[in-house]
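Every chain is numbered from 1, with letters handed out A, B, ... down the list of sequences.
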2 protein chains.
Amino acid sequence: MTRYRESVRSLLRERLLDAAYERVTVDGWSRLRMSHIAATAGVSRQTVYSEFGTRDAIGQALVMREVDRFLLGVQEQFDAHRSDPHAAVEAAVLFTLRTAADNPLVKSILTSSRGGDDDLIAHLTTRSEPLLDTATTMLDAYGADAWPEIDPESRALAVETVVRLTVSHIVQPTLPPDLTATRLARILSRIALLPDPHQS
Amino acid sequence: MTRYRESVRSLLRERLLDAAYERVTVDGWSRLRMSHIAATAGVSRQTVYSEFGTRDAIGQALVMREVDRFLLGVQEQFDAHRSDPHAAVEAAVLFTLRTAADNPLVKSILTSSRGGDDDLIAHLTTRSEPLLDTATTMLDAYGADAWPEIDPESRALAVETVVRLTVSHIVQPTLPPDLTATRLARILSRIALLPDPHQS
DNA sequence: CTCCTTACACTTTTTGAGGATCTGTCCGGA
DNA sequence: TCCGGACAGATCCTCAAAAAGTGTAAGGAG
């Protein structure tokens, strides 16, 4: 019985977050109104309040959900290439670039681009400024586990570098994502002193 | 005679730009008034207008002068280490990080950080968005001339990478500038397949 | 018990009119 | 050449009234 309640409740939460997300990506956080969320989700304003309490809590939940999804996606790319660091980096970078390209929320979280009328970023500073740290730590731990043969210092250097370069390419793209991913993978191979399959 | 006129004129221009610079670094571009510049430089407002025409032109000139000085500084670092690419990169990165740290104008030009009340950045889009391109091109040409033994593709990759990483460290510093410069030089050596004097 | 409607106090945004300030230009005098 | 003064037009404050939004609460329906 309690199981049923929780199921309904989390369904409602997702529905509300979906509604909020839709509005945010179109109008920006500042123009999002509680009544919009309620209307889009087909519930009353009060239901939104009883679920989240405040508007800020919705922003928090929105950011958290997006961050979790993104990090999960990155992990999946790595899992798909456990035996091949070069391919893993290429896949993860490509995934990140593509996500940033068509997910404005993730993009602003990753780049913390100030400005715009979008103060959703304010919620990030609590949760997303550490995002790059979290990602870096995650990748480092993952790398240590999956590829113990690489020397630790080189690995740390490589991880930090790929994170910075990826963000750089989000902020200022030059080549198409897939080519960028290839280039970054090559750079990383050299830094971590890996064999580069595409070496000329 | 004409020589004298030009000399006086360029002296006046410098004086006015100095005055503008001083105000801008304190109050920001938006709060800079033509009358301030005139007063600080000890001339009349009309003299400022007859020299620059518009307020925007002053912003343009200010940005140009700063960019030129910065680029010259980078060149000097390279010239000082013509025989040693590794040391050249380290010196140039360190110079850039330090300049960015205590020259707010250069920093905002390099990072194009929008926001703030400082729309001086707007003038950049004409002149400074290409700054990174200019810097990259300059470094590439310099590298080709000074170190022809490095293979061109690796060199291009290395140059683009060091530019992006340097900007990244300006935006999000972690270690002190000198350590960062050392690390970047090491990374670059590996990408360009150079001998690394500090190899462990 | 959950959700809806309605209502209400409080805070934050938007709006608009008025004045002040600033830009860019012109001219007469030194 | 430069300065001082003057001027039209644009832009930027200021500040108070009105509008809209947040968060809380009570009563009713299923």
Excluding sequence neighbours, so at least two apart, what forms side-chain contact (heavy atoms from CB on, under 4.5 Å) with Thr136(A)?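 Checked Thr136(A) against side-chain contact (heavy atoms from CB on, under 4.5 Å); matches are Val159(A), Val163(A).
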What residues form a side-chain contact (heavy atoms from CB on, under 4.5 Å) with Pro148(B), not counting sequence neighbours? none
Listed by chain and number, what are the salt bridge (charged side-chain N to carboxylate O under 4.0 Å, His left out) partners of Arg45(B), not counting sequence neighbours?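 Partners of Arg45(B) by the salt bridge (charged side-chain N to carboxylate O under 4.0 Å, His left out) criterion come out as none, since no residue qualifies.
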Just to verify, what does Asp18(A) make a salt bridge (charged side-chain N to carboxylate O under 4.0 Å, His left out) with, not counting sequence neighbours?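 Checked Asp18(A) against salt bridge (charged side-chain N to carboxylate O under 4.0 Å, His left out); matches are Arg65(A).
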Distance in angstrom units between Trp29(B) CH2 and dC22(C) P, rounded: 15 Å
Which pairs pass salt bridge (Lys or Arg N to Asp or Glu O under 4.0 Å) with one or both residues in residues 172-185 of chain B, sequence neighbours excluded? Glu160(A)-Arg183(B)
Review item, nucleotides 19-25 of chain D N/O atoms under 3.5 Å of protein N/O:
unit_1, atom_1, unit_2, atom_2, d
dT22(D), OP1, Met34(A), N, 3.4
dT22(D), OP2, Met34(A), N, 3.4
dG23(D), OP2, Arg55(A), N, 3.0
dG23(D), N7, Arg45(A), NH1, 3.3
dG23(D), O6, Arg45(A), NH2, 3.1
dT24(D), O4, Gln46(A), NE2, 3.3

